[in-house]
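A note on names: the letters A, B, ... follow the listed sequences, proteins ahead of strands, and every chain is numbered from 1. These numbers come from a predicted model, not from an experiment.
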Number of protein chains: 2
Amino acid sequence: MNKSYDINEFKNPLFTVDSALFTVIGNSLKVLMVKRANEPFLGRWGLPGGFVDVDIDDSTDLTALRKLKEKTSVAPQYLEQLRTFSGINRDPRGFSVTLVYFALVAEQDVSSHIDTVEDAQWVDIKQIADLPVAFDHKHIIEQAKERLQQKALYSMVPVYCLPEYFTVSQLKSVIEAIIGKTIQRKSLIRRIEAAEMFEVLDEKVKSGGRLAQLYKVKPGVDIVNFERNLSV
Amino acid sequence: MNKSYDINEFKNPLFTVDSALFTVIGNSLKVLMVKRANEPFLGRWGLPGGFVDVDIDDSTDLTALRKLKEKTSVAPQYLEQLRTFSGINRDPRGFSVTLVYFALVAEQDVSSHIDTVEDAQWVDIKQIADLPVAFDHKHIIEQAKERLQQKALYSMVPVYCLPEYFTVSQLKSVIEAIIGKTIQRKSLIRRIEAAEMFEVLDEKVKSGGRLAQLYKVKPGVDIVNFERNLSV
DNA sequence: TACGGTTAATGTCTTTGTGACACTTTAAGG
DNA sequence: CCTTAAAGTGTCACAAAGACATTAACCGTA
């Protein structure tokens with residue numbers, strides 16, 4: 001390789017990868033926050049993330065996954081890019097760029113591990129305002145929440161907040177926790193059928209009334225997008 | 001500022017900002033390509049872009065705008081982030097990250113300037129396959145095209161490929177060039193009315209038949225998104 | 001000035017998918 | 001066996017797009 005292209009020829013901005021990892025606990029949407037162990041903003045809460053390790057990470061996706069695994073011990077069920085945030089004032093060390101991912105997990109997959117670490121916690125989306133948050137992460141979380149809410153209206157992504165086997169009622173309440181409104185059970189069932197991305201299991205599960213049908217995501221299928229939003 | 005946070009403590013990946021600038025000429029969707037004047041991939045065609053200049057650019061948005069102005073002499077009418085692409089193999093210089101924007105302009109705003117420069121040209125989206133393209137920019141353009149097509153189905157972004165004053169027929173043919181299918185004129189008119197983002201001008205313009213109504217975007221309005229896609 | 005060609009705009013019936021909500025089914029517990 | 005509760009179904013209303021016929025307005029030409 002021609003040595004005249006020095007990788008440090010240009011003053012590179014500070015580049016980090018952060019993730020907004022969401023789940024639904026009870027009827028509330030939660031986001032994973034981590035207590036910062038370093039300056040800047042030491043002691044405040046921020047999104048899990050950090051620098052790319054070019055010797056380990058094949059891509060920024062793997063950086064995000066690696067950092068999330070450090071905190072949760074598992075890979076999230078859903079991961080996609082949100083967007084990047086940049087500016088000269090968002091980090092005291094200078095011009096910085098952060099690539100933010102947004103991710104979903106089922107609570108039960110990670111809660112046991114998170115309970116054992118002191119520096120990570122699920123924060124209710126409504127309580128972010130009161131928390132001492134690092135950088136512009138409050139703003140980032142707001143953007144990520146809006147994207148998630150939008151996606152919940154036209155896609156099946158909320159299933160990734162559920163365990164492998166789930167019922168219509170579970171999916172309904174997860175969607176409702178995300179968008180903050182109730183939806184029609186009938187409409188959801190119609191979508192489940194139209195999506196053709198779920199297996200109907202033989203098993204049923206008790207629920208206080210009639211037994212509920214269990215579903216699971218068909219292996220290998222992609223998330224389905226609909227051509228129409230649920231009503232707002 | 002505490003000097004213990006050395007900005008070069010971590011091996012930063014190579015970070016660039018590129019843009020996929022689209023327009024519609026005739027009935028074809030075109031993307032702006034630039035002949036590379038430097039290694040790597042000298043002489044091949046790539047997306048306009050480059051490194052952030054932390055002394056000039058307040059954010060990566062401004063990096064994208066600055067680089068586009070160098071090639072077109074004007075700011076695009078529409079600019080938004082597509083996503084980032086990263087990896088260890090996409091640039092021979094090492095691990096690289098590129099933040100890609102996708103942008104729209106009216107052809108007449110820039111064509112005169114582009115004709116005068118040798119190293120930039122509008123390339124028909126269908127002819128990208130035959131062009132010697134740098135990096136993974138073929139793949140990036142494909143992704144940008146898909147996003148643009150999707151947006152054309154549920155939003156009014158295609159107006160940004162049109163001059164200030166335009167007719168329904170012009171908007172219709174721009175949308176059709178983008179998505180590669182015909183749409184119902186009636187449906188488009190219904191959306192124009194529902195969006196409430198256009199002014200109906202007194203002026204009309206001749207078109208070979210009945211005079212066509214002129215519209216313009218109301219100043220200060222945001223792009224309107226619909227809750228339903230046009231049919232595919 | 002009348003007529004045909006051409007493009008713009010409207011009218012309207014059909015189609016599709018969601019909202020609303022009543023109704024039926026099936027389980028648990030007394 | 002009756003009550004309660006949640007699961008699941010049936011059905012009509014409604015909203016917005018598709019399809020396509022009809023009307024409107026302009027131009028050139030005879």
Side-chain angles (χ1 to χ4, degrees), chain A residues 27 149-156 158 162 165-176 179-216 224-232, chain B residues 27 149-156 158 162 165-176 179-216 224-232:
Chain A
N27 289 313
Q149 289 178 333
Q150 195 54 33
K151 285 221 156 201
L153 294 177
Y154 68 79
S155 83
M156 281 293 180
L162 290 171
Y165 303 132
F166 61 90
T167 67
V168 172
S169 295
Q170 286 178 306
L171 180 53
K172 177 168 182 282
S173 77
V174 162
I175 293 173
E176 289 174 343
I179 65 176
K181 320 204 171 177
T182 58
I183 60 168
Q184 291 283 327
R185 179 186 182 84
K186 178 74 177 184
S187 298
L188 178 58
I189 291 174
R190 282 193 283 232
R191 287 195 160 194
I192 288 174
E193 284 165 3
E196 294 186 339
M197 62 177 288
F198 304 109
E199 273 176 36
V200 178
L201 302 182
D202 294 333
E203 252 177 301
K204 302 195 184 223
V205 74
K206 58 185 164 189
S207 60
R210 178 174 170 175
L211 297 189
Q213 179 63 56
L214 277 180
Y215 293 84
K216 68 172 283 197
V224 170
N225 294 321
F226 298 92
E227 293 195 350
R228 198 163 157 180
N229 283 3
L230 293 173
S231 290
V232 287
Chain B
N27 289 312
Q149 289 178 333
Q150 195 54 34
K151 285 221 155 200
L153 294 178
Y154 68 80
S155 85
M156 281 293 181
L162 290 171
Y165 302 131
F166 60 91
T167 66
V168 173
S169 294
Q170 286 177 306
L171 180 53
K172 177 167 181 282
S173 76
V174 162
I175 293 173
E176 289 174 343
I179 66 176
K181 318 202 173 183
T182 58
I183 61 167
Q184 291 283 327
R185 180 188 180 84
K186 178 74 178 184
S187 299
L188 179 57
I189 291 174
R190 282 193 283 234
R191 285 194 163 195
I192 288 173
E193 285 165 2
E196 295 185 340
M197 62 177 288
F198 304 109
E199 275 175 33
V200 179
L201 303 182
D202 293 335
E203 252 177 300
K204 302 198 184 217
V205 75
K206 59 185 161 191
S207 59
R210 177 173 171 175
L211 297 188
Q213 178 64 57
L214 277 181
Y215 294 83
K216 69 172 284 196
V224 170
N225 294 322
F226 299 91
E227 292 195 350
R228 194 162 159 180
N229 282 3
L230 294 173
S231 291
V232 288

Problem set entry | Partner set under side chain to side chain donor-acceptor pair (under 3.5 Å) for B:Gln213, not counting sequence neighbours | none
Problem set entry | Phosphate contact (C:dA20 OP1 or OP2) by A:Gln184 side-chain N/O below 4.0 Å | yes
Distances for protein N/O vs nucleotides 6-8 of chain D N/O pairs under 3.5 angstrom?
residue: D:dA7; atom: OP1; partner: A:Ser169; partner atom: OG; Å: 2.5
residue: D:dA7; atom: OP2; partner: A:Ser169; partner atom: OG; Å: 2.9
residue: D:dA7; atom: O3'; partner: A:Leu211; partner atom: O; Å: 3.4
residue: D:dA7; atom: N3; partner: A:Arg210; partner atom: NH1; Å: 3.3
residue: D:dG8; atom: OP1; partner: A:Gln213; partner atom: N; Å: 2.7
residue: D:dG8; atom: OP2; partner: A:Arg185; partner atom: NH2; Å: 3.2

For this session: Using atom CG of B:Leu171 as one end and atom P of C:dA9 as the other, report the distance to the nearest whole Å.
Result: 12 Å
Seminar exercise, completed: Rounded to whole Å, the NZ-P distance (A:Lys181 to C:dT18) equals 18 Å
For this session: Give the rounded distance in Å between these two atoms: CG of A:Leu188 and C1' of C:dG17.
Result: 14 Å
Problem set entry | Pairs touching residues 183-194 of chain A that satisfy side-chain hydrogen bond (donor to acceptor under 3.5 Å, both in side chains), sequence neighbours left out | A:Ser169-A:Arg185
Exercise. Within a strict 4.5 Å, meaning less than it, do heavy atoms of the A:Glu176 and A:Asn27 side chains meet?
Worked result: no
Problem set entry | Phosphate contact (D:dA17 OP1 or OP2) by B:Ser231 side-chain N/O below 4.0 Å | no
For this session: Check A:Leu201, A:Leu171, A:Thr167, A:Ile192 against A:Tyr215 for a side chain to side chain contact (heavy atoms under 4.5 Å, CB included) and give me the one that passes.
Result: A:Ile192
Problem set entry | N/O donor-acceptor pair, side chain A:Lys186 with base C:dG19, under 3.5 angstrom | no
Problem set entry | Results of salt bridge (Lys or Arg N to Asp or Glu O under 4.0 Å) for A:Lys204 - residues two or more places apart only | none
Problem set entry | Nearest-nucleotide 5' precedence on DNA chain C, A:Ile183 against A:Lys206 | A:Ile183
For this session: Drop me the distance from A:Leu153's CG to A:Ile179's CD1, to the nearest 0.5 angstrom.
Result: 5.5 Å
Seminar exercise, completed: For A:Phe198, the ring pair (Phe, Tyr, Trp, His ring centres under 6.0 Å) test, sequence neighbours excluded, returns A:Phe166
Identify each atom pair where a protein N or O and an N or O of nucleotides 14-16 of chain D are less than 3.5 Å apart, giving names and distance.
residue: D:dA16; atom: O4'; partner: B:Arg228; partner atom: NH1; Å: 3.2
residue: D:dA16; atom: N3; partner: B:Arg228; partner atom: NH1; Å: 3.3

For this session: State which residues pass side chain to side chain donor-acceptor pair (under 3.5 Å) with B:Arg210; sequence neighbours excluded, sorted by chain then number.
Result: none
Seminar exercise, completed: When B:Glu193 and A:Phe226 are each assigned the nearest nucleotide of DNA chain C, the 5'-most assignment goes to B:Glu193
Problem set entry | Test side chain to side chain donor-acceptor pair (under 3.5 Å) applied to B:Gln170 - qualifying residues, sequence neighbours left out | none
